[in-house]
Amino acid sequence: MPDYLVRMVQVHESFRKAELQASADVNGVKVEFVKYHEDSPFCIVRLPSDAAARSVISRSILSHSICEIWGQGPTYDALHVSTKESSSSKWPQYAQAPFRFTLDSYRGSRTAEEQTAIVNSFSYLGLSGPARMKTPEASFRVFEDYGAVQSDGPRYLYLGRLIASSGRQAKTTYDLKKRHYISTTSMDAELALLTANIALAAPGKLFYDPFMGTGGFPLACAHFGAVVCGSDIDGRSIRGTGGSARRGQVGKKDVELNFKQYGLESRYLGGFVSDLTNTPLRLSTARGGYLDGIICDPPYGIREGLKVLGSRATLDDTERATHRDRYQEAGYIPPKRPYSFTALLDDILAFSVATLVENGRLSMWMPTANDADVELVIPTHPCLEIVSVCVQEFNKWSRRLLTYRRRAAAEVPLGALETGSRDYERGRADDLNAFRKRYFEGFKEFEEVELGAGRSGEVDDTKGISGRWRKK
Amino acid sequence: MKLLTLNFLTCALKPCKASPLSFPLHPRDAELEIVESELNLSFLRNILPRLAWEELRGVVRELGLPDLPEIMPEAEALGKASSGKKTNENAANENTITTTTDEDELSPKPEVQPEAEEPDLEPTQTALDLHRLLLETSLRAGSLVCGNCGHAYKVKEGVANFLLPGHLV
């Protein structure tokens, strides 16, 4: 199997390998990582053929292109030697083709004169076709990697022939700034596409988002060819109320409009208003699953409230009677109560187990505080295998994209499912969601909270006061 | 909400989930709409074995749409090797819906020959009919009623509301 050079982008580093692996998985291609480093945008992979390389890269959001390697080395002299040794048999094939020859310097730059000199130093390749910058038949590129430390020259070089460009232009197509209908918590287009890619969204598949909001994730899945549906506890976000998160925008906008904007309405089954803890979706185990993938960004309880159906306190008979009498009136709003984030994550896993087909994937986002001494708890389920964990770092916290694979029934160890149901407490949002509490405390009082575990009264007394001012 | 979705929806009430009567939900005062779209053969082939066929037939009957065959067609019956001419020779096959008997009352059949996903497969009439029913017919308004508890979920502007009132949670 030949080696290929993938020119990646240097953002969301921890997602890059997972994404490339997923792109290979969905195409049924075996990929081997020969050289990969979080600190470098140059990744060498082993793939069966040019066609495989083309199909893998076409889904990738976090890379620019894939090249056939013609030569490599730490200096230009070494690069020339390696090129002559390894690729001279390929030269005659491109001798007459219109071509383009460019330079790609990472963490460095070259003046126009230097660039010309470098390109000319490859004249021995015998490319005598016309130079054509637009639509060339063959495209060659010298990659210079300068390394993090300032030095005189590049630390490593490659010469590659372009096989195919990536699917990264989708990031621009789906840019939130140009989308008709968004809300305050819409996921950035690049990350939404990444999530869909890692969840293996592809033609012929059915995907579902239980917290769709304005439909960013279903849109991303539809981009990769999947048929999608979604739901949200807030019907206004699906139906659209006429209001908008965008200043100055008026008129009715809804999720359907977003699908129409990108010409994807034929892949949108529709949205419905529902709550994951009382889902209307079929959960029967006898019939088996029907979803190929579930992707979601559950509400963290910070910008979007974390609520489910129900009342804070148990209803008495009179209240129940009132609800019974009035629920069919037009203005009736079902009561909702705050919910525990941990419980919600467990609910998502249980729901996924009941609805996913074998090998179907669940990709969900989960926030955590960046405390070195807190062990990260990743929710697990015996029927789900963790495929990848990717991290997006912020200052004091980070969020993770957790991806699971639905195991086949035969893979689940016997007796693994016989765990008792867990009891989750009821109460105020702060008590139920440790992350939310820490977030609003500015992640500062962690040590004090830990030390003060014995005298919990002090901590409980601080509602409504930000962490920074609390102890003054 | 496209009709395919109805094949995945049951009553949201937890006690109803155990009862076979809660699936499928029964459409009432349904207002249907046809929005034509490109036929997606690979999706149809993939989703067909996951459908609850008996229940789908029931819903179709309740909506007054043309009857579906008694037995679910095989995924293989959806596409046939491209031969250049349009199909109706599968009429002998009992799994195929014949166009002559099932006249769609809502709107004429799509005239454009949709593009198949696999270049070597052309959609059969069965595929076209299923596509029309599952992915082009959608529920705009009305309600969906649980056969077990009788709770009616309203559908407005194509969006069904499955939120339960306070006394039922």
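This one's a predicted model, so the numbers in the text were calculated from it and none came from an experiment. Naming convention: chains lettered A, B, ... in sequence-line order (proteins, then strands); numbering from 1 in each chain.
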Among residues at least two apart in sequence or on other chains, which ones pass side-chain contact (heavy atoms from CB on, under 4.5 Å) with Lys14(B)? Asn278(A)

Examine whether an atom of Leu281(A) lies under 4.5 Å from a heavy atom of chain B, and if so say whether it belongs to the side chain, the backbone or both; otherwise answer neither. both

Select one option (side chain, backbone, both, neither) describing which atoms of Phe8(B) are under 4.5 Å from chain A's heavy atoms. both

Does any backbone or side-chain atom of Leu135(B) lie under 4.5 Å from a heavy atom of chain A? Answer side chain, backbone, both or neither. side chain

Residue pairs meeting side-chain hydrogen bond (donor to acceptor under 3.5 Å, both in side chains), one or both in residues 218-229 of chain A, sequence neighbours left out, come to Tyr174(A)-His223(A)

Portion of Val357(A) that has a non-hydrogen atom of chain B nearer than 4.5 angstrom: side chain

Given Cys229(A), Gly235(A), Ser274(A), Ala321(A), the one with more heavy-atom pairs under 4.5 angstrom with chain B than any other is Ser274(A)

Residue from Thr355(A), Val255(A), Leu269(A), Leu315(A) scoring the most non-hydrogen pairs under 4.5 Å with chain B is Leu269(A)

Is the number of heavy atoms from other residues, nucleotides or ligands under 6.0 Å of Lys17(B) NZ greater than 12? yes

Polar side-chain atom of Trp53(B) near backbone of Pro69(B) as donor-acceptor pair, under 3.5 Å: yes

Do you know which of Asp275(A), Asp254(A), Asp292(A) has the most heavy-atom pairs with chain B at a distance under 4.5 angstrom? Asp292(A)

Chain B: which of Ile238(A), Thr279(A), Thr277(A), Ile233(A) shares the most heavy-atom pairs with it under 4.5 Å? Thr279(A)

Can you tell me which residue pairs pass the side-chain hydrogen bond (donor to acceptor under 3.5 Å, both in side chains) test with a partner in residues 204-219 of chain A, sequence neighbours excluded? Ser186(A)-Thr214(A), Tyr208(A)-Ser231(A)

Part of Tyr290(A) within contact of chain B (heavy atom distance under 4.5 Å): both

With side chain to side chain donor-acceptor pair (under 3.5 Å) as the test, pick out the partner of Asp129(B) among Gln125(B), His131(B), Arg132(B). Gln125(B)

Among Pro280(A), Pro334(A), Ser266(A), which residue has the highest count of heavy-atom pairs closer than 4.5 Å to chain B? Pro280(A)

With a 4.5 angstrom heavy-atom cut-off, could you sort out which part of Ala152(B) is near chain A: side chain, backbone, both or neither? neither

Donor-acceptor pair, side chain of Arg140(B) and main chain of Glu33(B), under 3.5 angstrom: no

Determine whether a donor-acceptor pair (N or O, by modelled atom type, separation under 3.5 Å) exists between the side chain of Asn148(B) and the backbone of Ser19(B). no

NZ/NE/NH1/NH2 to OD/OE distance under 4.0 Å, Lys252(A) and Glu157(B): yes

Sort by residue number and list every residue of residues 158-169 of chain B having at least one heavy atom under 4.5 Å from chain A. Gly158(B), Val159(B), Ala160(B), Asn161(B), Phe162(B), Leu163(B), Leu164(B), Pro165(B), Gly166(B), His167(B), Val169(B)

Chain A interface, residue from Lys156(B), His151(B), Lys154(B) that has the most non-hydrogen pairs under 4.5 Å: His151(B)

Structural part of Glu256(A) lying under 4.5 Å from a heavy atom of chain B: side chain

Would you find a donor on one side and an acceptor on the other, under 3.5 Å apart, between the side chain of Glu122(B) and the backbone of Lys80(B)? no

So does Asp325(A) have more than 12 non-hydrogen atoms from other groups sitting under 6.0 Å from CG? yes

Based on non-hydrogen pairs under 4.5 Å, which of Asn7(B), Leu134(B), Leu51(B), Leu144(B) is most in contact with chain A? Asn7(B)

Arg28(B) atom CZ: more than 12 heavy-atom contacts under 6.0 Å: no

Does the distance from a Lys or Arg side-chain N to an Asp or Glu carboxylate O, for Asp25(A) and Arg361(A), drop under 4.0 Å? yes

